[in-house]
Amino acid sequence: MAVEIKFVVVRQGEEKMTFTTKKEADAYDKMLDLADNLSEWLSQAPLTLEEQQREALSFFLAENKEALGQILRGTIPAASVDGLAKVKSEKNEPEKKAKSEEDQAA
């Protein structure tokens with residue numbers, strides 16, 4: 001018989017996630033705390049968001065707190081830089097195709 005130790009994050013009597021290490025469970029719990037704080041803060045914003053939208057947005061921001069911190073410090077997060085480079089290359093690709101077709105026609 002095997003014995004497994006599981007760490008369960010519980011919020012308001014509801015199981016949110018199960019982890020195999022305490023460190024992961026604590027990190028997730030902290031992220032949920034941040035999401036709760038962000039949701040409360042967003043509820044005071046001068047715009048109307050449905051509760052579900054506000055919770056989803058606050059969860060997204062909490063999950064991506066490193067990128068959010070970089071944005072607030074005035075820098076572009078590395079993932080965004082990679083994404084911008086991809087978008088720019090996709091925008092330029094039709095131009096490259098058109099130029100190569102022109103070269104072949106000449």
Side-chain angles (χ1 to χ4, degrees):
M1 177 156 127
V3 175
E4 290 184 29
I5 296 175
K6 294 182 181 180
F7 296 90
V8 181
V9 177
V10 177
R11 288 287 174 124
Q12 299 172 348
E14 181 182 336
E15 287 187 18
K16 294 294 184 178
M17 190 77 77
T18 302
F19 298 92
T20 56
T21 67
K22 184 174 182 345
K23 183 178 178 180
E24 291 174 325
D26 286 342
Y28 189 77
D29 190 47
K30 283 179 106 175
M31 192 267 307
L32 290 178
D33 285 340
L34 178 58
D36 287 344
N37 293 337
L38 286 167
S39 182
E40 180 64 33
W41 181 68
L42 288 171
S43 71
Q44 299 169 13
L47 55 109
T48 305
L49 290 173
E50 298 291 327
E51 184 177 350
Q52 189 175 13
Q53 291 174 318
R54 190 179 71 241
E55 288 176 2
L57 178 58
S58 62
F59 191 81
F60 174 79
L61 293 172
E63 280 184 315
N64 296 284
K65 72 177 184 177
E66 288 82 16
L68 179 60
Q70 289 176 341
I71 291 167
L72 292 173
R73 286 189 296 277
T75 61
I76 298 174
S80 295
V81 171
D82 294 341
L84 288 173
K86 183 178 178 184
V87 168
K88 287 180 182 178
S89 69
E90 288 173 356
K91 285 183 179 179
N92 292 335
E93 196 158 311
E95 294 174 14
K96 290 178 185 176
K97 285 182 182 178
K99 287 181 182 179
S100 68
E101 289 173 3
E102 290 173 4
D103 292 343
Q104 289 175 358

Asker: Just how far is it from atom CZ of F7 to atom OG1 of T18, taken to the nearest 0.5 Å?
Answerer: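 Interatomic distance, F7 CZ to T18 OG1, rounded to 0.5 Å: 11.5 Å.
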
Asker: Which pairs with one or both residues in residues 41-68 pass ring-ring contact (aromatic ring centres under 6.0 Å, His included), sequence neighbours excluded?
Answerer: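 Matches after skipping sequence neighbours: none remain.
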
Asker: Who passes ring-ring contact (aromatic ring centres under 6.0 Å, His included) against F19, sequence neighbours left out?
Answerer: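 Partners of F19 under the ring-ring contact (aromatic ring centres under 6.0 Å, His included) test: Y28.
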
Asker: What's the separation between atom CG in N37 and atom OG in S58, rounded to the nearest 0.5 Å?
Answerer: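 It is 9.5 Å, given to the nearest 0.5 Å.
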
Asker: Between the side chain of T75 and the main-chain N/O of Q70, is any donor-acceptor distance below 3.5 Å?
Answerer: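 A pair under 3.5 Å: yes.
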
Asker: More than 12 foreign heavy atoms under 6.0 Å from CD of Q12: is that the case here?
Answerer: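 Count not over threshold, so no.
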
Asker: How would you list, by chain and number, every residue that makes a side chain to side chain contact (heavy atoms under 4.5 Å, CB included) with L68, sequence neighbours excluded?
Answerer: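 With neighbours one apart ignored, the set is L61, L72.
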
Asker: Applying the side-chain contact (heavy atoms from CB on, under 4.5 Å) criterion to D26, which one of E24, K22, K23, K30 satisfies it?
Answerer: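 Testing each of E24, K22, K23, K30 against D26, the sole residue satisfying side-chain contact (heavy atoms from CB on, under 4.5 Å) is K22.
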
Asker: Has S39 got a side-chain atom pairing as donor or acceptor with D36's backbone, closer than 3.5 angstrom?
Answerer: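 Such a contact is absent between S39 side chain and D36 backbone.
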
Asker: Looking only at heavy atoms, what is the nearest atom pair of V9 and A25, with distance?
Answerer: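 What the structure gives for the nearest pair is CG2-O, 3.6 Å.
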
Asker: Please determine whether a side-chain nitrogen of the Lys or Arg among K16 and D29 lies less than 4.0 Å from a carboxylate oxygen of the Asp or Glu.
Answerer: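 Between D29 and K16 there is no salt bridge, as every charged N stays at least 4.0 Å from the carboxylate O atoms.
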
Asker: Treat each ILVMFWY residue as a node, draw an edge where side-chain heavy atoms are under 4.5 Å apart, and state whether L38 and L57 are in one component.
Answerer: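 Looking at the clustering, L57 is in the same group as L38.
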
Asker: For the atom pair CG (L47) and CG (L42), what is the distance rounded to the nearest 0.5 Å?
Answerer: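 Rounded to the nearest 0.5 Å, the CG-CG separation comes out at 7.5 Å.
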
Asker: Answer whether the closest heavy-atom distance between the side chains of E55 and L49 falls below 4.5 Å.
Answerer: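 A side-chain contact under 4.5 Å is absent here.
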
